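Only one structure is covered here, and it is reproduced in the block below.
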Amino acid sequence: MTTPRKERAGVLLSRAAALIVVVTVVGLLPWLSGRDPALSVLRARSAEQEPTEEALRAVREQLGLESGPVALIGDWFGAAVRGDLGRSWVSGSEVLPSVLSGLGVSLALMGAALLLALVLACALCARTVIRGARGTLDTGESGGGTGAPAAALAALPEFLIATVLMVLLSVWLGWFPPYGWQEPRHLVLPALALGVPAGGLLGRLAEDALPAVFAERWVELWRSSGCTAGRIGRAALRRALPAVLPQLGLVAVGLTGGAVAVETVFAVPGIGRTALGAAESQDLPLLQGSVLALVLLGLLAGLIAQTARRWMLGPGLRDASLSLPARRPARASRARVAVPVVCAALIVVVIGWGLLLDPLYVDTAARLGAPGGAHPLGTDALGRDVLARVGHGAATTVGIAALVCLGSYLLAMTVGFLPALASGAAETANAVPPVIAGMLVAAVLGPGSLGASIAVALVSWPALAAHAAALVQETRAAGHLMAQRAIGSPPRWILLRHLLPAVAGPVARHAVLRLPGIALALASLGFLGLGAQPPAPEWGLTLSESLPYVERAPWAVLTPAAMLLLLAMLAVSVSTLPAPAAGRGPIARVRARALRPERSTAR
């Protein structure tokens, strides 16, 4: 059995190895891309200077490129240990002040967005807490009925929210400045764009954990002893928080590293935008420093989340009384069944109708045309039919996102059973923004759908792995598993018949819930030129191409956005449908008897 000391040593080794690998790969970017870094630096310094052989040779000698990547990376690591991140290849200024400045801006933005996300998450799960505290919640439910709104909020593209907020609150109403970073008012719109999807995700995860908490026997005991509903609700929230805390840490890092699009829209000088600019100009020292800051922030956030979780659980890691029981199965109502049916029908109708049209036909006379008989959903800036592009783009958008989601789920289930060896890799992968991962993969494979899907898959599994690891840890401490060990059940039997079924279902629902987010990550890479390339009719690319014309032709933006929202509602409604046969099999009966020993004794 692994001792706590060995477990901590494995975690530290995993984190250190992952950190070294990421920074080393970033250091190899100029050589992986196949482009001459001297030419990129020369053009970044002066676009008018002629790239002669003499000028390029001078740049190579100045930057030490002739010594090769091994020497450059070794020198950089040696200087980084001393606190020196080098000088920018483009501007010649020191990297450390630029990294600290961008990190400070991103931390301020992350704090404001995280506060907003927590407030929104509390509002979304308030109805579930109230009903559970009063004893009116069906504990077989997945939440209290706000799952679809939460999933819709989680599926909103950050760059779409940012653009709409800028148009509505800055351009039309003039309430907030549209860009810049000089006063507190500049913080409002970027924080809203980042906090709304994060709040929807956290609220949905909390709702998924609360019904199981209210099904525990202590809730009924407290209620029968006269405890107030408020006290029961607060205790239930505290009981459910340990399962959500790992996700909170990952969300906090994602708000910092994944805000590149929002920082670009509002011209916020954060660390993500700094890393993006450094990668485009192949400013290797600045890119390495920015990625190092993001990775270290990810490791710190993961450490804080795990420490807070251990503190909240206390002896619960070893006490079976604090394990989450299986939910009591509930029958699916007609309304809950109708939601996925309606969403699926709308998606199928739109896609089927669009497949009958030509997505590449250009009608210059109908540019930005309003919906009508010839074009039911209007046209885009080039005169292409929006309905046709949405229909033909379904295979690229939904198909690739589903494959990435499946791969992330399988990897997370494997990693979840080895938390000591994989937690560092998960935290490090989560700290790398999809944009940076997309740049690294695109440097090797070139921009395209394949590179974008690999990049998103590399950074989309940590949240699922953290969820799986938390469930594995709590399920291993469950009372019925302790009873199985006491009677001599083999470990393989416990793993296959009890542990794996208890973890696979919730993580699968979480994976389905993240399907729209994966589609949006692919869309953001396409928006930045790292994913699907024009004229591909991909949903995210179609949305991104129409963003500059959102005031003149809102239908061109709203149509792909509406399809993504329908996909989100379909995903969450399917993930929350109860299994009719759950709870009636032999495994469920064994667990039920283990959870109710007083009945077994009476027999």
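A quick note: this is a predicted structure, and the numbers were derived from the prediction, not measured.
Ser408 pairs by the side chain to side chain donor-acceptor pair (under 3.5 Å) definition with Ser460, not counting sequence neighbours. The side-chain contact (heavy atoms from CB on, under 4.5 Å) test applied to Leu115 returns no partner, not counting sequence neighbours. Every side-chain contact (heavy atoms from CB on, under 4.5 Å) that Ala511 has, sequence neighbours left out, goes to Cys405, Tyr409, Leu464. Annotation: side chain to side chain donor-acceptor pair (under 3.5 Å) contacts of Ser88 (sequence neighbours excluded): Ser91, Asp283. Applying the side-chain contact (heavy atoms from CB on, under 4.5 Å) rule to Ala229 yields the partners Ala133, Arg134; only residues at least two apart in sequence or on another chain are considered. In this structure Pro554 satisfies the side-chain contact (heavy atoms from CB on, under 4.5 Å) test together with Leu558, sequence neighbours excluded. Every residue two or more places apart in sequence or in another chain was checked for a salt bridge (Lys or Arg N to Asp or Glu O under 4.0 Å) with Arg552, and none qualifies.
Rounding to the nearest 0.5 Å places CD1 of Ile271 at 12.5 Å from CE of Met110. For the atom pair CD1 of Ile518 and OG of Ser453, the computed distance is 11.0 Å after rounding to the nearest 0.5 Å. Rounding to the nearest 0.5 Å places CZ of Arg131 at 13.5 Å from SG of Cys125.
Looking at heavy atoms from C-beta onward, Pro197 lies in side-chain contact with Ile161 at the 4.5 angstrom threshold. Side-chain contact between Leu85 and Leu286 is absent, with no heavy atoms from C-beta onward closer than 4.5 Å. Two residues are said to be in side-chain contact when any heavy atoms from C-beta on lie closer than 4.5 Å; Arg273 and Val268 fail this criterion. The shortest side-chain heavy-atom distance between Leu237 and Leu210 falls under the 4.5 Å cut-off.
For the pair Arg87 (side chain) and Ser93 (backbone), a donor-acceptor distance under 3.5 Å is absent. Side chain of Ser101 to main chain of Pro97: no donor-acceptor pair is present (N/O by atom type, distance under 3.5 Å, no hydrogens or angles). In this structure, the side chain of Thr274 does not engage the main chain of Gly102 through any donor-acceptor pair within 3.5 Å. Arg367 places a side-chain N or O within donor-acceptor distance of the main-chain N or O of Ala381, the cut-off being under 3.5 Å.
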When the side chains of residues 185-195 are checked against the rest of the protein, which donor-acceptor pairs come out under 3.5 Å, sequence neighbours left out?
from	atom 1	to	atom 2	distance (Å)
Arg185	NH1	Trp175	O	3.0
His186	ND1	Gln182	N	3.4
His186	ND1	Glu183	N	3.2
His186	ND1	Glu183	O	3.4
His186	NE2	Tyr179	O	3.3
His186	NE2	Gln182	OE1	3.3

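Counting all heavy atoms, side chain and backbone alike, Ala275 lies closest to Leu287 at O-CD1, 3.5 Å. Counting all heavy atoms, side chain and backbone alike, Ala553 lies closest to Leu368 at CB-CD2, 3.7 Å. Heavy atoms only, all atoms of each residue included: Leu458 and Trp461 are closest at O-NE1, 2.9 Å. The nearest pair of heavy atoms linking Trp181 to Pro269 is CB-CD, 3.6 Å.
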